[in-house]
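Any value given below was found using the heavy atoms of this structure, including those in side chains, with hydrogens, waters and symmetry copies removed. One-based numbering, in listed order, for ligands and for the atoms of each.
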Amino acid sequence: MRPSVNEAVGRLGTEGAFAVLARARALEAAGREVIHLEIGEPDFETPAHVAEAGIAAIRAGETHYCQTAGLPVLREAAAVSLSASRRVAVDPGHVLVANGAKPFLFFTILATCGPGDEVIYPDPGFPIYESAVRFSGATPVPLPLREERGFSFDPEELERLLSTRTRLVILNAPQNPTGGVIPQADLERAAVAIERTPAWILTDEVYSRITYDVEAPSIASLPGLLGRTILLDGFSKTFAMTGWRLGYAAVPAELVDPLTRLIVNSTSCVPPFAQLAGVAALEGPQDAVVEMVAELRRRRDYLVPALNEIPGLRCVEPGGAFYAFPNVSALPLGTDELADRLLDEAGVAVLAGSAFGSHGTDHLRISYAASLENLERAVERIRGFVAGLTA
Ligand SMILES: Cc1ncc(COP(=O)(O)O)c(C=O)c1O
């Protein structure tokens, strides 16, 4: 008899960015030149003092197993940081540390949801939300983000989707893939509606420090909401630490033990030297973050008007993160073919909006975590390609 694969694995989705990166790398291996605007990671180095703290920790022998929930010193530093930035009292005992923010998405869903439950999540949104919900056996319920609302949701639509079956509501701001933020008034309406249901809230705030002029308020800051909220943040984006695999969350008391069990059953713990680098990131000088955000703003301020000048493209100005999400529905081909042909024919790697859900199909996601020079070259190539389509 042939051994078989668990059918649940077939319900897992994937991340389009990694697939497009692989295709782009194959083209490069064949001698083509590609401008990379597909991947969601800062093109900056981890700040030197943070990297040095990690190296010093390795030299000091911090290379063994450690506490599953995270080193107390990092849980404490994360609690201080979350308390100050979200203006709520976060108990260090409720802070958990994992290998990036991503495991918290998967583990929160596994710990709270199963068949018969519904999970509301943003669409377009980070593809792992829907993937993990399907894996858990729960029913994914997409909450459309509206371009005309700066890619926030319509609170009335959220109210209609909520029910006693809703076990979890996932919010994300600043948002991937749109760069949208959720206005305070909409969060307040959402909170009132969610409190009438038995739903937990997972607020994915990994881009919290990357905003331009606007505030990205947190639902966890609203009175009484922290008790049902998984407040998720991380190091990947803020400190350009994607490869260190380090993230943290403040979680409700009832979820501390279940989530710790999921961590001990999967990864045991996060390498202690990475955690000590995280302490240096949170407690040390923040100049590198300020400089990175200023540079990202320069790029956004170039890219968005430049995209809007290309006939057939319409791009809302993103308030945060480092993605532009232009509407391309006026062009004579769909987003999948457009993204494929931009890569194959123009050498520009971007993502089709469809990779983020059915409400993304009119869009492309363009990461501006790339040099201004490369953004200018990419815009020229996109302009030329679009001109060829409509000529
Ligand atoms: C919205 C969102 N959440 C979570 C993550 C995962 O981040 P980490 O590297 O901390 O696992 C990403 C990464 O792209 C993201 O865009």
Side-chain angles (χ1 to χ4, degrees), residues 13-21 36-44 46 50 70 74 78 81-82 95-109 121-133 143 145 151-152 168-182 201-211 216 218-219 230-250 259 262-263 266-267 270-271 274-275 277-278 281-282 296 318-325 351 353 355-357 360 365-369:
T14 188
E15 250 195 270
F18 288 99
V20 173
L21 178 65
H36 289 273
L37 307 181
E38 76 278 41
I39 206 80
E41 71 173 340
D43 59 321
F44 297 83
T46 300
V50 176
L74 179 56
S81 170
L82 288 173
V95 173
L96 299 176
V97 178
N99 299 94
K102 221 178 202 179
F104 283 109
L105 305 177
F106 209 72
F107 293 163
T108 298
I109 290 165
Y121 66 99
D123 181 352
F126 190 47
I128 300 307
Y129 306 142
E130 183 185 346
S131 167
V133 172
L143 173 63
L145 302 186
F151 291 111
S152 188
L168 180 67
V169 177
I170 302 176
L171 301 176
N172 170 218
Q175 214 252 347
N176 178 9
T178 65
V181 297
I182 308 170
I201 301 167
L202 169 58
T203 177
D204 180 345
E205 302 182 6
V206 296
Y207 298 97
S208 63
R209 298 276 297 275
I210 306 176
T211 57
S218 172
I219 198 162
I230 296 92
L231 167 56
L232 177 57
D233 208 328
F235 293 87
S236 287
K237 317 290 174 175
T238 308
F239 299 101
M241 291 177 73
T242 50
W244 292 76
R245 306 312 303 133
L246 186 62
Y248 57 95
L259 290 171
L262 282 158
I263 297 172
S266 52
T267 56
V270 176
Q275 297 194 50
L282 290 178
L296 289 171
F322 38 73
Y323 308 112
F325 203 58
L351 298 185
F356 300 91
R365 191 193 78 169
I366 303 182
S367 165
Y368 50 90

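Every atom of ligand 1 is numbered from 1 in the order shown, and the set under 4.0 Å from a heavy atom of Gly100 is 10 (O), 11 (O). Of all atoms in ligand 1, listed by their number and element, those nearer than 4.0 Å to a heavy atom of Asp204 are 1 (C), 2 (C), 3 (N), 4 (C). The Asn172 neighbourhood of ligand 1 comprises atoms 1 (C), with distances under 4.0 Å to a heavy atom of that residue.
Looking at Tyr129, Phe235, Phe104, Tyr207 and measuring to atom 15 (C) of ligand 1, the nearest heavy atom belongs to Tyr207. The closest non-hydrogen atom to atom 10 (O) of ligand 1, taken over Pro177, Ala101, Gly40, Gly125, comes from Ala101. Of the candidates Lys237, Arg245, Glu41, the one placing a heavy atom closest to atom 14 (O) of ligand 1 is Lys237.
Every heavy atom of Gly234 sits 4.0 Å or more from the atoms of ligand 1.
Neither the backbone nor the side chain of Thr242 comes within 4.0 Å of ligand 1, counting heavy atoms alone.
Note: Tyr248 and Phe235 meet the aromatic proximity criterion, with ring centroids under 6.0 Å apart.
Counting only heavy atoms of the protein, atom 12 (C) of ligand 1 lies nearest to Phe126 CZ, 3.5 Å. Among protein heavy atoms, atom 9 (O) of ligand 1 sits closest to Ser236 OG, 2.6 Å.
Side-chain atoms of Gln275 do not come within 3.5 Å of backbone N or O of Gly70 as any donor-acceptor pair. Looking at Asn172, its side chain does come within 3.5 Å of a backbone N or O of Pro174 through a donor-acceptor pair. Not one N or O on the side chain of Gln175 forms a donor-acceptor pair closer than 3.5 Å with the backbone of Ile182.
Under the 4.5 Å side-chain criterion, counting only non-hydrogen atoms from C-beta, Val133 is not in contact with Leu168. Put simply, the side chain of Leu262 does not reach to within 4.5 Å of the side chain of Phe106, judged on heavy atoms. Here the side chains of Pro318 and Thr178 are not in contact, with every heavy-atom distance at 4.5 Å or above.
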